[in-house]
Amino acid sequence: MTINSHVVKSTVVGALGGLLFGFDTAVISGTTSALTQTYHLSPALLGVTVSSALVGTVIGAMSAGIPGQKYGRRDSLRVMAIFYVISALGCALAWNWTSLIFFRFVGGLGIGGSSVLGPMYIAEIAPAEWRGRLVGFFQVNIVVGILLAYMSNALIDTMHLGAAEWRWQLGISALPAILFLIALFSIPRSPRWLVMKSRLSEAMDVLRLTGVTRTQQELDEIVDSVHLERSASSDPLFSRQYRFPVFLAITVGMFCQLSGINAILYYLNDIFAFAGATKVSGALQAVAVGAMNLVATLAAMSVIDKFGRKKLLLVGTAGLTVCLGAVSYVFMTHKHLEWLVWLLMAYIACFAISQGAVVWVYIGEVFPNRVRSKGQALGSSSHWVTNAIISLIFPVMAGASGAYPFIFFGAMMVVDFFLILRYYPETKGVSLEQIQHSFGID
């Protein structure tokens, strides 16, 4: 089946939320030094500044389903776009530290909400034959957003804007956020949501718009699926039969963050500064790491169905352990500092081909249909809560010794390697029903 222009447009617009997600997540890395000086922040308060957005992200991710269900995915994404705009402008114009924290929290709501609603909208608007690749485009856009944040920071660094520099770095994302908001008025609603609201004729129109040939058959399948989900909506997630997929979702989300990935992305410029890099040099090295992240993510997406989830996790986690051990050595001995950028590029590649590529796919595969949305929310919450905690304490640990955080992350990857080896099943080429049966779920 070919893909038509309406599907492409809807996917690109929906995935813009992913680009803003990545940009707003990583852009803080270029401002931590200036914020510390402007507001006289201790390492602990710097941790609060960075993690404040993640508190909003957790709340946004956990609650996005409510407006998404009531008002629709598209209209709820418009609210997330407004959050992005308010956050960018508010951070740029922050009059004190408390206001900065508040506007970062608002941005976090946008990040968390769009991380749930964006892929959901794309999955529901995309034809079945294209669904995996188009939803994957959201993940690619997150990584593109991270790279653009590092490039934006490096470019603004060269403008020598003085005390206002960090305001421009945080405020520049208002431009793509406004573009995102405007573009959301040019795409249709999700046909699945229209069916849930019994607006069948509108759903039929959207299906025709997206190029579905057998529209009545597709509509009937959506109606049957919605009825099935409603009949099973009372099934509790925390019951004995779901204990293994619950264990998998919590651990895969948690250990993804215990690799240290987001702490490193958030504090990348500080890490290079610890190693003696100049401000401009650190910003350019951050761009190199972001570029490697993008290349490795694209490579991983092309091989995940060929090599399998478990094999990628094992290879990548072993590589992460080696890289983190080597980074710890550099910081403990203060020797071979020139290795740091190469080690972090290798680290980011190992992460992108394993944890980064597999975590969301795996969480979506291990639960049966009737509790999948609840299970995905649980895995996502485990991921973001762990992220917030690590981002809060990273500056304190790094302040005591630059090596301590990397020793901890390396130890966690050793634990994760044996956890994957012993307990994680391979789901490559296995139907969702067969996975469910192998777990002993009726």
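Both backbone and side-chain heavy atoms feed into the values below; hydrogens, waters and symmetry mates do not.
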Do Phe180 and Leu19 make a side-chain contact, defined as non-hydrogen atoms from C-beta onward lying under 4.5 Å apart? no

The test is side-chain contact (heavy atoms from CB on, under 4.5 Å); show your working for Ile348 and Ile261 and say whether it passes. CA-CA 8 Å; Ile348 210 85; Ile261 181 62; 3.4 Å; yes

Tell me whether Ser173 contacts the main-chain N or O of Asp24 through its side chain, where contact means a donor paired with an acceptor under 3.5 Å. no

ring-ring contact (aromatic ring centres under 6.0 Å, His included) partners of residues 335-358, not counting sequence neighbours, each pair once: His336-Trp339

Can you tell me how far the CG atom of Leu100 sits from the OH atom of Tyr39, to the nearest 0.5 Å? 5.5 Å

I need the minimum non-hydrogen distance between Ser29 and Tyr267, along with the two atoms involved. CB-N, 4.4 Å

Output yes when a side-chain donor or acceptor of Ser152 lies under 3.5 Å from a complementary backbone atom of Ala149, and no otherwise. no

Please find the pair of heavy atoms, one from Ile353 and one from Ala296, that lie closest to each other, and give the distance. CG2-O, 3.9 Å

Roughly how far apart are Leu46 CG and Leu41 CG, rounded to 0.5 Å? 6.0 Å

Considering non-hydrogen atoms only, spot the tightest contact between Gly68 and Arg73 and give its length. O-NH1, 3.0 Å

Give me the atom names and distance for the closest heavy-atom approach of Leu312 to Ser354. O-CB, 3.2 Å

Can you check whether Leu155's main-chain N or O pairs, donor with acceptor, with Thr158's side chain at less than 3.5 Å? yes

Can any side-chain N or O of Ser52 pair as donor or acceptor with the backbone N or O of Thr49 at less than 3.5 Å? yes

Is the closest side-chain donor-acceptor distance between Thr386 and Gln257 under 3.5 Å? no

With side chains defined as the heavy atoms from C-beta onward, is the minimum distance between Leu265 and Thr25 less than 4.5 Å? no

Evaluate the side-chain proximity of Leu248 to Pro425: yes if any heavy-atom separation is below 4.5 Å, no if none is. yes

Does a side-chain heavy-atom distance below 4.5 Å link Ile264 with Phe406? yes

Between Asn262 and Ile390, is the side-chain contact (heavy atoms from CB on, under 4.5 Å) condition met? List the steps. CA-CA 9 Å; Asn262 276 11; Ile390 290 173; over 6 Å; no

Can you check whether Val414 reaches Phe417 side chain to side chain, under 4.5 Å on heavy atoms? no

Quick one: are Pro188 and His6 in side-chain contact, heavy atoms under 4.5 Å? no

Using modelled atom types and a 3.5 Å cut-off, is there a donor and acceptor pairing between side-chain atoms of Asp416 and backbone atoms of Phe255? no

Over 12 foreign heavy atoms within 6.0 Å of CE, Met204: yes

What is the minimum heavy-atom distance between Ala61 and Ser115, and which atoms define it? CB-OG, 4.3 Å

With a 4.5 Å heavy-atom cut-off, do Asp157 and Gln169 have their side chains touching? yes

Can you tell if the side chain of Gln355 reaches within under 4.5 Å of the side chain of Leu320, non-hydrogen atoms only? yes

How about Lys311: does its NZ atom have over 12 heavy atoms from other parts shown lying under 6.0 Å from it? no

CZ of Arg104 to CG of Leu54: how many Å apart, nearest 0.5 Å? 7.5 Å

Is a donor on one side and an acceptor on the other found under 3.5 Å between the side chain of Thr321 and the backbone of Thr317? yes

Report the relative orientation of the aromatic rings in Trp384 and Phe21; use parallel for angles under 30°, tilted for 30 to 60°, perpendicular for over 60°. tilted

For the side chain of Thr38 and the backbone of Ala34, is there at least one donor-acceptor N/O pair under 3.5 Å apart? yes

If I take atom CD1 from residue Ile28 and atom CG from residue Leu170, how far apart are they, to the nearest 0.5 angstrom? 5.5 Å

Testing the basics here: between Gly14 and Ile122, what is the closest heavy-atom pair and its distance to 0.1 Å? C-CD1, 4.1 Å

What is the distance from atom CD of Gln69 to atom CG of Leu117, rounded to the nearest 0.5 Å? 10.5 Å

side-chain contact (heavy atoms from CB on, under 4.5 Å) between Phe408 and Leu258, intermediate numbers included: CA-CA 8 Å; Phe408 172 75; Leu258 288 172; 4.0 Å; yes

Evaluate Asp205 against Leu209 for side-chain contact (heavy atoms from CB on, under 4.5 Å), listing each step before the verdict. CA-CA 6 Å; Asp205 290 340; Leu209 190 69; over 6 Å; no

Whether the side chain of Ser382 engages the backbone of Leu378 through a donor-acceptor N/O pair (distance < 3.5 Å, no angle test) should be reported. no

Measure the spacing between CZ of Arg199 and CZ of Arg189 and express it to the nearest 0.5 Å. 5.0 Å

Is the backbone N or O of Val50 less than 3.5 Å from a side-chain atom of Ser391, with the two atoms forming a donor-acceptor pair by type? no

Check the pair Tyr266 / Phe394 against ring pair (Phe, Tyr, Trp, His ring centres under 6.0 Å), numbers first and verdict last. CA-CA 10 Å; Tyr266 299 156; Phe394 180 88; 9.5 Å; no

Check whether more than 12 heavy atoms from other residues, nucleotides or ligands sit under 6.0 Å from atom CE of Met151, and answer yes or no. no

Ring of Phe185, cation from Arg78 - is the NZ or CZ under 6.0 Å from the centre and inside 45° of the axis? yes

Under a plain distance cut-off of 3.5 Å, with no hydrogens placed, do Tyr424 and Thr251 share a side-chain donor-acceptor pair? yes

Look at atom OH of Tyr423 and say whether more than 12 heavy atoms of other residues, nucleotides or ligands are closer to it than 6.0 Å. no

